[in-house]
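Below: the structure, in structure tokens.
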Amino acid sequence: MRFSRTLIPTAKEAPSDAVLPSHIYLLRAGFIQSVGAGLYNFLPLGKRSLDRVRQVVKEELDAAGCQEVDLAFVTPAELWRESGRFEKYGKELLRFTDRKENEFVLGPTHEEMMVNLVRQSVKSYKQLPLHLYQIKTKFRDEIRPRFGLMRGREFLMEDGYSFHKDEEDMKREFEHMEATYSRIFTRLGLDFRVVEADSGAIGGSGSKEFMVLAESGEDEIVICDGCDYGANVEAAVRAPREAPSYEEGEEPIMSPGDFHTPDTKTIEALADFFHIDSHHLIKAVAQKARYDEGREEIVLFFLRGNDDLEETKACNAVGANELVDVSEEELRAAGLTPGYMGFIGLPEGIEYRIDRELKGESNLIMGANREEYHRVGVTVPDFGEHFADLVTVKAGDRCAHCGGRLSTTRGIEVGHIFQLGTRYSEPLGATFLDENGKSRPFVMGTYGIGVSRLLAAIIEQHHDDRGCIWTRESAPFDLEIVVSNIANDEEREAAEKLYRTLRERGVEVLLDDRKERFGFKMKDFELIGIPLGIVVGKKLSEGKVELIVRDGLERMDLSLDEAVEAVLERV
RNA sequence: CGGAGUGUAGCGCAGCCUGGUAGCGCACCUGCUUUGGGAGCAGGGGGUCGAAGGUUCGAAUCCUUUCACUCCGACCA
């Protein structure tokens, strides 16, 4: 393609609200254009990159035995009511009515639609397994869209759904998809890690996320230096913590009883008061849990003084939709004593959870549910169902699998695979007849890749201070030919010839034939970030052109023929 | 949802406090010069100052309402 005939509006400056390199460069290099909060137009370059990434995804999925379909974007509300998600999904679901007052939603994901499709056409175990996917625009009315393509409201996503006769076959496909997704991200040149993820209120036996490692990632992930364990902090587990070590005879000894402890509402104050490590204290974190139909309830979470509450885990532990802060007034109204709460002697009907690492522990101090009093020498009895994993795993904790050191890093979630089971097939009555003629619900898996987010992730990981550095299979073009001085006939003709030759050999070439000065065009080349460049300029008098590798900006002088060969070797 | 901030040309901004003919840089158009690192000179086009209402002889500027966008937070009792 000719630069002069293509819409590539490059800019020196980016809008001031763009912070991330990917956001800034994609805007400045003319890949995308903002049209509103979380909404973007893809311009020619952006569209080309998106299509190439999409092509990689499609090739690998097709090779893995998946079949591409394309479901309606506008979906009837009826289906969402059937699965119970019409209410549950919340405000992210964009609902609207047509002229006949029929209700619809714009698909944020397509479990319902896909199950509906399959339940109408698959009746026998002989048709299983089946894996259908689509690569399609999704719409989620995000609370706070930001970071350009990273978190938009409208975005391109690959979503796959597999249907199986039993759990075992579904797990086989799950592993197959882990390998397939890994191949996709490897081909795209990404440094990523597969981590354990929160399977959430949906249940199911497991889910994994594909995290592109980047400082700007929105997710915190925990990785082990001793084995290949990795997990989203929302799902990370650790080996139980050990008590701080003490000198012989220095261990805290506590005689059970209530102590008068004025002005010790915080863990810090309490640790000071007793001159004791906060490991031996139990803190209470009060939250208000929100359930369906607006029901709210105060819940207390008890954990060690030196641990932090992990909100997603806490939310799952009580099966709530979300947790929100609760005021001291509300706590007092419920008969609680903020600053002095404990799990022994709580008022009737107060829901609570205790971190599972505390089970059976002794010699602890916790609130006595009485103003200005703490209970000392507490032993944690077996509270059965009140135990749950509640803590935030931190750098320095020990790996539950190998005992290695855990550290934290940040990642961009670009893929998520999920063992779904019968969560949708059952309520939607999607069944097949097994070998014995018995009707059974499909066992399902679901898989997703954020295709447009991948563009942002690639740039987050591959850029320098001059602009984008596209990887081989994500670049809008393989090569950019820069004509140094378009007014020079020899240069122009040599460039045109290279352009024709390479195109005939199947190379995607962008020819910068604009009537601009050399420096101006080079800045654009570096900003746009096409992997290879050929400069046709001064050295043409010696029969040479310059080949530039964008990643590292390495240059070499080659004859025209050598340049052609060098390009063909690299694409 | 809570808090803070910003809306002035395509982009980046000044002007607002102290009301009096809407400005600067980049980009865009024309001409000449220039052609290996975002050129120079000359000329030019482009704005209902986010919207509505109010105060005033007069509002980008003061007041009210509203909309949009951005940032921070959503947690240790």
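Quick note on labels: first sequence line is chain A, next is B, and so on, each numbered from 1.
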Quick check on contacts: within residues 349-371 of chain A, what sits under 4.0 Å from RNA chain B by heavy-atom distance?
none
If you look at every strand shown and take non-hydrogen atoms under 4.0 Å, does [X] touch a base, only sugar-phosphate, or nothing?
X: A/T266; answer: sugar-phosphate
X: A/L331; answer: base
X: A/R466; answer: base
X: A/E526; answer: base
X: A/D524; answer: base
X: A/K523; answer: base
X: A/G537; answer: base
X: A/A314; answer: nothing
X: A/M522; answer: base

Do A/E491 and A/N485 have side-chain atoms, one donor and one acceptor, less than 3.5 Å apart?
no
For A/T312 and A/D198, does a side-chain donor sit closer than 3.5 Å to a side-chain acceptor?
no
Keeping to residues at least two apart or across chains, list the side-chain hydrogen bond (donor to acceptor under 3.5 Å, both in side chains) pairs with something in residues 22-33 of chain A.
A/S22-A/E460, A/H23-A/Y40, A/Q33-A/N41
Distance under 6.0 Å and angle within 45° of ring axis: A/K47 vs A/F42
no
Can A/R453 be said to sit on top of A/F155's aromatic six-ring, NZ or CZ under 6.0 Å from centre and within 45° of the ring axis?
no
Complementary nucleotide of [N], counting Watson-Crick and G-U pairs under 3.5 Å:
N: B/rU30; answer: B/rA42
N: B/rA9; answer: none
N: B/rU18; answer: none
N: B/rU66; answer: B/rG50
N: B/rA74; answer: none
N: B/rG58; answer: none

Using a strict 4.0 Å threshold on nitrogen-to-oxygen distance, state whether [X] and [Y] make a salt bridge.
X: A/E516; Y: A/K521; value: no
X: A/D355; Y: A/R304; value: no
X: A/E310; Y: A/K394; value: no

According to a strict under-4.0 Å criterion, is A/K538 in side-chain N/O contact with OP1 or OP2 of B/rG36?
yes
When A/R514 and A/A487 are each assigned the nearest nucleotide of RNA chain B, the 5'-most assignment goes to A/A487
Starting the side chain at C-beta, find the nucleotide from [options] nearest to [X].
X: A/V326; options: B/rG38, B/rA77, B/rG12; answer: B/rA77
X: A/E546; options: B/rA77, B/rG36, B/rC26; answer: B/rG36
X: A/R517; options: B/rU34, B/rG36, B/rA77; answer: B/rU34

Suppose you measure atom C1' in B/rG12 against the same atom in B/rG7; what distance do you get, rounded to whole Å?
14 Å
Does [X] contact [N] through a side-chain donor or acceptor facing the base, at a distance under 3.5 Å?
X: A/E13; N: B/rG10; result: no
X: A/R28; N: B/rG10; result: no
X: A/N485; N: B/rG36; result: no

Check: A/L511 and A/V483 side chains under 4.5 Å, non-hydrogen atoms:
yes
Are A/F274 and A/F259 an aromatic pair by the rule of ring centers under 6.0 Å?
yes
Assess the pair A/F343 and A/F383: is the distance between their ring centroids shorter than 6.0 Å?
yes
Can you give one letter per nucleotide of nucleotides 67-75 of chain B, going 5' to 3': B for a protein heavy atom under 4.0 Å from the base, S for sugar-phosphate only, - for none?
--SS-BBSB
Starting at CG of A/L346 and ending at C1' of B/rA77, how long is that distance when rounded to a whole Å?
13 Å
Verify the stacking flag for A/F518 against B/rG36: centroid separation must be under 5.5 angstrom and the ring planes must differ by under 30 degrees.
yes
